[in-house]
Amino acid sequence: MKINFAAAKLPASGTLVVLLPEGSALSGLATEIDRRCDGHLSRAIKAARFKAKREQQLDVLAAGPYDRVLIMGLGDPATITAREAEQLGGAIAAAVLAAKAKQAVIVAEQAPDALGKGRFAALIASGAKLRNYSFLSYKSKKPDTASALEGLTLLCASPAEARSAFAPLDALPDGVHFARDLVNEPPNMLFPAAFA
């Protein structure tokens, strides 16, 4: 999966993920996205009584020029830890995969102060990359829902800082996926002597 970090600017189309802190209204770039959708997002939040608790999701289909806008609850940003930011990235990847989207844009411009603007986006990317795994080598028919996520673009306040923070995290998902591949191989293909 390809990860990109970019400056926060209004996306033209596609699948978007908007992070919303608990008890807050849409703000920043999310307000511009809502305006472009003729207020569809704010109406959906109100109609669903969406509280934006951590990892709570609200899927808004065909919102203006966007295929879908997934509003993801952040919970209380002041209490979010690095591990919880990675788990949030995993939850985002799972939701995007369930929507069968190959690409998505995540609006991560409002980062918790404790994690920093760039590091927060990097942790979300790391969690998403860890979650983006499937082992289909021996399946005769590949399920539609198992298609891999090809790319994520994270819009953040400091893309250079995010790229720098993501660099040491980037190899970890590759190692984890390799270990999962080894565990998933059947014993007639990867027997003890071959494994050693």
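Start at 1 with the first residue, then count along the sequence. This is a predicted model, so every value here is computed, not measured.
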Checklist entry - Are any of the side-chain nitrogens in K129 or D170 under 4.0 Å away from the carboxylate oxygens of its partner? => result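 A salt bridge links K129 with D170.
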
Next on the checklist: Check this for me: does any side-chain nitrogen of one of E161 and R119 sit under 4.0 Å from a carboxylate oxygen of the other?
Outcome noted: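 The answer is no: the pair does not qualify as a salt bridge.
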
Could you tell me whether a side-chain N or O of [X] sits under 3.5 Å from a main-chain N or O of [Y], the two making a donor and an acceptor?
X: R54; Y: L74; value: yes
X: D38; Y: H40; value: no
X: T31; Y: L26; value: yes
X: Q103; Y: E150; value: no
X: D34; Y: L41; value: yes

Closest heavy-atom pair and its distance - [X], [Y]:
X: P21; Y: P77; answer: CB-CG, 3.6 Å
X: A94; Y: R131; answer: CB-NE, 3.6 Å
X: I33; Y: L10; answer: CG1-CD1, 3.5 Å

Checklist entry - Do L58 and L70 share a hydrophobic cluster (ILVMFWY, side-chain heavy atoms under 4.5 Å, transitive)? => result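 Unlinked, L58 and L70 end up in two clusters.
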
Next on the checklist: Between T153 and F5, is the side-chain contact (heavy atoms from CB on, under 4.5 Å) condition met? List the steps.
Outcome noted: CA-CA 6 Å; T153 300; F5 299 97; over 6 Å; no

Checklist entry - Can I71 and F50 be said to form a side-chain contact (heavy atoms from CB on, under 4.5 Å), step by step? => result CA-CA 9 Å; I71 303 170; F50 185 71; 3.6 Å; yes

Item to check | Audit row: L19, I92, side-chain contact (heavy atoms from CB on, under 4.5 Å) steps and yes/no | outcome: CA-CA 10 Å; L19 304 179; I92 289 169; 3.9 Å; yes

Item to check | Between N184 and Y138, a side-chain donor and acceptor under 3.5 Å | outcome: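 Judged by distance alone, the side chains do not pair up.
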
Item to check | Distance under 6.0 Å and angle within 45° of ring axis: R180 vs F135 | outcome: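 That pair does not qualify as a cation-pi contact.
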
Checklist entry - E55 and L88: side-chain contact (heavy atoms from CB on, under 4.5 Å), yes or no, with the steps? => result CA-CA 6 Å; E55 295 183 26; L88 180 66; 4.1 Å; yes

